[in-house]
There are 2 protein chains.
Amino acid sequence: MFKFAAQYENQPMKRDLSTEEKIKAAAKKVFMTKGFDGCSVRDIAKEVGSNVSLLNYYFRSKEKLFELIFEGAMSDFLQSMIEVFSSDLTLKEKTTLLIEKEFDFFLEHPELPMFILQAIHQNKSGAPMPSHFFEPIAKTGIFQQLEAAQASGEIRQISLRNVTILLMSNVHYPFMSKKLTQQFHGIDAETLDQDLRAHKAYVKEMLINFLFPQNQTV
Amino acid sequence: MFKFAAQYENQPMKRDLSTEEKIKAAAKKVFMTKGFDGCSVRDIAKEVGSNVSLLNYYFRSKEKLFELIFEGAMSDFLQSMIEVFSSDLTLKEKTTLLIEKEFDFFLEHPELPMFILQAIHQNKSGAPMPSHFFEPIAKTGIFQQLEAAQASGEIRQISLRNVTILLMSNVHYPFMSKKLTQQFHGIDAETLDQDLRAHKAYVKEMLINFLFPQNQTV
DNA sequence: AGAAAAATTAAACGATTGTTTAAATTTTGG
DNA sequence: CCAAAATTTAAACAATCGTTTAATTTTTCT
């Protein structure tokens with residue numbers, strides 16, 4: 001009889017999970033580079049070095065497998081925000097730290113922002129993203145902190161949403177546009193990475209100066 | 001015998017091009033929303049309200065049709081740059097005008113930045129983009145103007161490439177992330193469009209202040 | 001009006017898609 | 001050690017993919 005893998009059963013058995021993990025790793029790699037529509041389950045199976053049916057055995061369907069990969073990616077994608085927003089810092093300090101961490105993270109995982117935005121953009125089901133993705137951010141109290149900072153005049157009068165767009169624009173797009181930038185300027189990958197490392201400082205200075213205008217060091 | 005449509009022949013005949021244009025319009029719509037891999041030629045044919053073979057009759061293949069749509073989109077994508085850079089203005093004026101025009105344009109065509117970056121990102125052939133896309137920009141002399149502005153101290157010491165990334169980040173990403181932003185903040189499309197119209201002013205002020213630090217109005 | 005050319009359609013092509021079935025192999029637990 | 005369970009494989013499923021063929025309709029030009 002056909003049975004699904006360990007983690008879907010009520011009484012999971014201790015098993016070698018390496019196959020399942022290998023499939024997840026392969027799926028992540030293939031989905032990230034080719035996209036959901038741009039690859040077949042056989043592409044993933046070939047990357048695993050194994051049979052197609054194994055994917056359905058462990059993950060039921062291509063769609064389910066993708067959702068799993070997407071949720072993991074989304075978690076990584078938001079991780080820095082949650083960490084920084086949860087810390088005990090001023091808004092200005094948090095902004096600096098966030099830019100710092102996001103750049104460091106995306107320098108190591110440059111394909112993530114494009115993967116996330118692309119998946120959301122072509123979300124086939126049309127279903128909105130589960131709220132549990134964004135709830136952890138709201139729970140950090142960052143929104144209240146921003147409201148308070150506006151009341152006290154620490155930060156410029158600007159809507160939370162515009163702040164978000166400014167931040168994300170400057171920390172996500174540079175990595176989403178790597179290929180475009182390379183071809184536009186005719187440079188190699190290493191040169192661009194140097195530019196991106198330098199870019200971190202520019203973004204920090206620009207955003208801090210814009211969002212926290214009166215730079216009183218007193 | 002099988003013959004290809006008018007514009008591919010040596011001696012084109014005057015013909016009703018409305019069908020060909022209808023296919024291009026449908027293809028643009030479908031490719032923009034679903035992506036090359038996310039749609040079938042039958043999706044496009046259905047959008048046209050006609051037969052599948054017509055697409056191959058006029059455009060030889062799905063890939064050729066896509067290339068045509070992509071080139072048109074790329075042309076639109078770069079149009080504002082070429083116009084502004086060709087004008088007879090100072091660098092600061094050009095920066096302001098470019099942001100203004102890009103925002104106005106992408107407010108009307110918000111799906112364009114994602115389409116372009118996504119197409120470049122998953123470029124199957126691996127071939128670099130034809131140089132005729134970017135040449136018109138170089139020919140405006142904008143690069144020399146920027147070098148001169150750096151020498152004279154009009155603009156901050158920052159590489160041309162970092163300037164480009166800063167500009168593109170702030171004028172492209174806000175439209176690429178529309179769905180993410182909407183779901184993140186739980187707002188409707190109209191509210192977000194208001195935010196984006198307001199965002200234009202923020203981006204202008206922020207980038208001008210950063211790139212042209214000594215704001216001497218003398 | 002009538003023959004030639006162009007446009008459009010219907011049908012089919014082989015290849016590939018995601019998924020399922022059933023058999024074979026390996027691992028587990030008594 | 002051996003039956004039962006879990007894992008892996010090979011093969012096939014119907015559906016859809018991009019494309020082509022051939023027939024039909026429409027348009028063009030004399």
Side-chain angles (χ1 to χ4, degrees), chain A residues 1-27 30-31 34-70 119 122 124-125, chain B residues 1-27 30-31 34-70 119 122 124-125:
Chain A
M1 182 49 193
F2 191 88
K3 298 209 75 202
F4 281 108
Q7 81 273 31
Y8 296 121
E9 297 301 313
N10 290 334
Q11 304 188 353
M13 320 202 67
K14 29 193 164 180
R15 279 218 138 272
D16 180 22
L17 286 184
S18 74
T19 299
E20 196 171 331
E21 293 303 320
K22 259 189 272 180
I23 294 177
K24 277 209 270 189
V30 175
F31 281 142
K34 301 197 186 185
F36 179 81
D37 294 321
C39 73
S40 68
V41 289
R42 283 169 179 84
D43 290 336
I44 300 175
K46 185 173 294 179
E47 179 76 26
V48 183
S50 177
N51 200 286
V52 216
S53 1
L54 260 192
L55 309 196
N56 285 333
Y57 177 71
Y58 280 103
F59 302 100
R60 310 187 110 92
S61 73
K62 183 189 183 187
E63 219 163 29
K64 288 267 201 310
L65 176 56
F66 181 82
E67 282 169 17
L68 204 75
I69 300 300
F70 175 77
Q122 299 192 354
K124 295 183 158 48
S125 72
Chain B
M1 183 48 194
F2 191 87
K3 298 208 75 204
F4 281 107
Q7 80 272 33
Y8 296 120
E9 296 300 313
N10 289 334
Q11 304 190 351
M13 321 201 67
K14 31 193 163 180
R15 279 221 138 269
D16 180 22
L17 286 184
S18 74
T19 299
E20 197 172 329
E21 292 303 320
K22 259 190 272 180
I23 294 178
K24 278 209 269 187
V30 174
F31 280 143
K34 301 195 184 185
F36 179 81
D37 293 321
C39 73
S40 68
V41 289
R42 284 169 179 84
D43 291 336
I44 300 175
K46 186 174 293 182
E47 179 77 25
V48 182
S50 176
N51 199 286
V52 216
S53 0
L54 259 192
L55 309 196
N56 283 336
Y57 177 72
Y58 280 103
F59 302 100
R60 308 186 112 91
S61 74
K62 183 190 182 186
E63 220 163 30
K64 288 267 201 309
L65 177 55
F66 181 82
E67 282 170 17
L68 204 75
I69 300 300
F70 175 77
Q122 299 192 352
K124 295 183 159 46
S125 72

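Below, chains carry the letters A, B, ... as their sequence lines are ordered, and counting in each starts from 1.
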Just distance, no hydrogens or angles: give the donor-acceptor pairs under 3.5 Å from side chains in residues 47-55 of chain B, sequence neighbours left out.
unit_1, atom_1, unit_2, atom_2, d
B:E47, OE2, B:K29, NZ, 2.9
B:N51, OD1, B:S53, N, 2.9
B:N51, OD1, B:S53, OG, 2.5

Should we count NZ of B:K124 as having more than 12 external heavy atoms under 6.0 Å?
yes

Where is the tightest heavy-atom contact between B:N56 and B:K62, given as atom of each residue plus distance?
OD1-N, 4.3 Å

Closest non-hydrogen contact found for B:G38 with B:D43 is O-OD2, 4.4 Å

Axis-to-axis angle between the two ends of the helix from C:dA1-D:dT30 to C:dG30-D:dC1 (five base pairs per end, rounded to 10 degrees)
10°

Integer-rounded Å distance: [N] [atom2] and [X] [atom1]:
X	N	atom1	atom2	value
B:L54	C:dA7	CG	P	10 Å
B:L55	C:dA7	CG	C1'	14 Å
A:Y58	C:dG18	OH	P	20 Å
A:K46	C:dT17	NZ	P	9 Å

Report yes if some heavy atom in the side chain of B:F36 is under 4.5 Å from a heavy atom in the side chain of A:D37; otherwise report no.
no

Which residues satisfy the ring-ring contact (aromatic ring centres under 6.0 Å, His included) test with B:F70, sequence neighbours excluded?
none

Taking side-chain hydrogen bond (donor to acceptor under 3.5 Å, both in side chains) as the definition, give me every residue that meets it alongside A:K34, ordered by chain and number, with sequence neighbours left out.
none

Not counting sequence neighbours, which residues clear side-chain hydrogen bond (donor to acceptor under 3.5 Å, both in side chains) with A:K46? List them please.
none

Base contacts versus sugar-phosphate-only contacts with protein, heavy atoms under 4.0 Å: please encode nucleotides 14-20 of chain D as B, S and - from 5' to 3'.
---BBBB

